[in-house]
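Before any comments, here is the structure.
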Protein chains: 2
Amino acid sequence: MVSFFNPTNYSYLTSLIGHMSGLSHLRATQLFTEELNGLELTPKQVIALEFIANNPTVSQKEIAAHIGTTPTVMVGVLDALAKRGLVERVRSAEDRRRHSVAVTPAGHDILPKIETAAKAVETRLMAESNLTSAEWDQLIVLMQKLTNREEKL
Amino acid sequence: MVSFFNPTNYSYLTSLIGHMSGLSHLRATQLFTEELNGLELTPKQVIALEFIANNPTVSQKEIAAHIGTTPTVMVGVLDALAKRGLVERVRSAEDRRRHSVAVTPAGHDILPKIETAAKAVETRLMAESNLTSAEWDQLIVLMQKLTNREEKL
DNA sequence: TATTGTTATACTCTATAACTATA
DNA sequence: TATAGTTATAGAGTATAACAATA
């Protein structure tokens with residue numbers, strides 16, 4: 001294990017996954033907001049849109065579980081996306097409690113812009129960090145293992 | 001580079017540092033809140049307290065910069081900590097605009113409890129992930145490089 | 001009874017602008 | 001003029017409880 005506890009000065013913050021992932025997340029979302037460049041989408045809206053595009057007819061509960069939020073949050077996220085015509089909620093015929101959410105043509109139209117922004121973020125993050133390309137790939141793999149997202153999306 | 005863009009299904013969410021660090025951060029803070037076990041401290045309060053303990057007489061602006069937040073947020077964080085007698089704000093003699101923040105004896109008293117909680121979080125996170133101990137260490141190092149926190153703090 | 005989506009509420013944190021006191 | 005800390009405000013996201021419609 002990496003040096004973890006230092007009883008003399010308690011200087012172990014940078015060895016905590018929680019703290020370090022918080023710093024990473026903050027910086028990534030800052031850059032992403034910049035790169036979205038007036039697209040006016042929040043990070044959760046973007047993530048939900050991408051997830052739905054790749055998993056059509058998914059339920060709101062399933063979206064929430066997979067992208068790491070709650071059904072409660074999904075209501076607001078989908079309201080915002082639906083209001084702009086990017087997704088559609090359709091009552092499931094088999095189970096009328098369920099909403100089968102789908103991305104509209106308009107929604108599909110902006111996916112490339114989101115990808116461009118995402119790519120720009122990775123480029124900038126890599127440039128301002130001390131990571132090589134190989135280390136970057138390693139980091140992604142390790143984070144996927146940490147969050148049990150190796151195979152799932 | 002790891003498979004990044006997949007133009008046919010846009011399934012690249014799990015390759016984004018922003019998304020994966022968000023998932024990591026969420027899970028870590030959930031576990032940490034549990035492990036704090038009624039200590040009633042927010043993540044930022046804990047991080048600030050640990051940072052100040054390790055960097056006495058640091059200014060509020062400096063704390064904010066190092067732990068990844070804003071001076072604005074520091075006001076509320078330090079108000080909460082000061083109210084409970086865990087830190088003290090002292091006007092700097094050289095520059096009377098500055099506050100030299102220091103951890104009180106009471107503050108030092110709870111640092112071990114925080115460490116215990118932090119350690120428990122790491123243990124649980126490791127157990128519920130698919131990471132080996134060596135991979136965990138690697139992950140920490142890579143995150144430090146990503147956020148340029150290799151030497152500082 | 002249990003589940004899906006929803007509404008409501010409280011809190012943490014981010015972001016921004018403007019203010020004060022000091023320099 | 002500039003800086004350290006502060007206040008105020010708006011918005012995003014988390015957490016929890018309760019509700020309606022449906023199973």
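FYI, side chains are in, hydrogens and waters are out, and symmetry mates aren't considered; it's all heavy atoms of this structure. By convention in this document, chain letters (A, B, ...) are assigned in the order of the sequence lines, proteins followed by strands, and residues within each chain are numbered from 1.
Between B:I47 atom CD1 and C:dT14 atom P the separation is 9 Å, expressed in whole Å. Look at NZ on A:K61: it is 14 Å from P on C:dT6, rounded to the nearest Å. Between A:E62 atom CD and C:dT3 atom P the separation is 14 Å, expressed in whole Å. In this entry the distance linking CZ of A:R98 with C1' of C:dA2 reads 15 Å, nearest Å. Atom CD1 of A:I67 is separated from atom C1' of D:dA12 by 13 Å (rounded to the nearest Å). Regarding B:M74, its CE atom lies at a distance of 13 Å from the C1' atom of C:dC13, rounded to whole Å. B:D79 places its CG atom 14 Å from the C1' atom of D:dA8, with the value rounded to the nearest Å.
Looking at residues 25-44 of chain A, you'll see A:T42, A:P43, A:K44 sit with a heavy atom under 4.0 Å from some atom of DNA chain D.
Mapped onto DNA chain C by nearest heavy atom, A:P71 and B:V77 fall at different nucleotides, with A:P71 at the one closer to the 5' end.
Residues A:L16 and B:F32 are not in side-chain contact: their nearest non-hydrogen atoms beyond the backbone lie 4.5 Å or more apart. A:T42 is listed as a side-chain neighbour of A:Q45, based on a closest heavy-atom distance under 4.5 Å. Inter-residue side-chain proximity for B:V101 and B:E88 is flagged as unmet; no heavy-atom pair is nearer than 4.5 Å.
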Distances under 3.5 Å only, N/O to N/O: pair up the protein atoms with those of nucleotides 17-23 of chain D.
residue	atom	partner	partner atom	Å
D:dA23	OP1	A:R96	N	2.9

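The closest donor-acceptor contact from the side chain of B:R27 to the backbone of B:L125 lies at 3.5 Å or more, if one exists at all. At distances below 3.5 Å, not a single donor-acceptor pair connects side-chain atoms of B:R98 with backbone N or O atoms of B:S92. No donor-acceptor pair under 3.5 Å is formed between the side chain of B:T147 and the backbone N or O of A:L23.
The phosphate of C:dT16 has neither OP1 nor OP2 within less than 4.0 Å of any side-chain N or O from B:T70. Between B:Q60 and the phosphate of D:dT6, there is a side-chain N or O to OP1/OP2 separation shorter than 4.0 Å.
Between D:dT6, C:dT14, C:dT4, one nucleotide has an atom nearer to the side chain of B:R89 than all others, and that is D:dT6.
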Intermediate values then yes/no, side chain to side chain contact (heavy atoms under 4.5 Å, CB included), A:E128 and A:L31: CA-CA 11 Å; A:E128 74 182 28; A:L31 293 177; 4.2 Å; yes

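Considering CD of A:E62 and OG of A:S100, their distance stands at 8.5 Å, rounded to 0.5 Å. From A:M20, atom CE reaches atom CG of B:L146 across 8.0 Å, with rounding to the nearest 0.5 Å.
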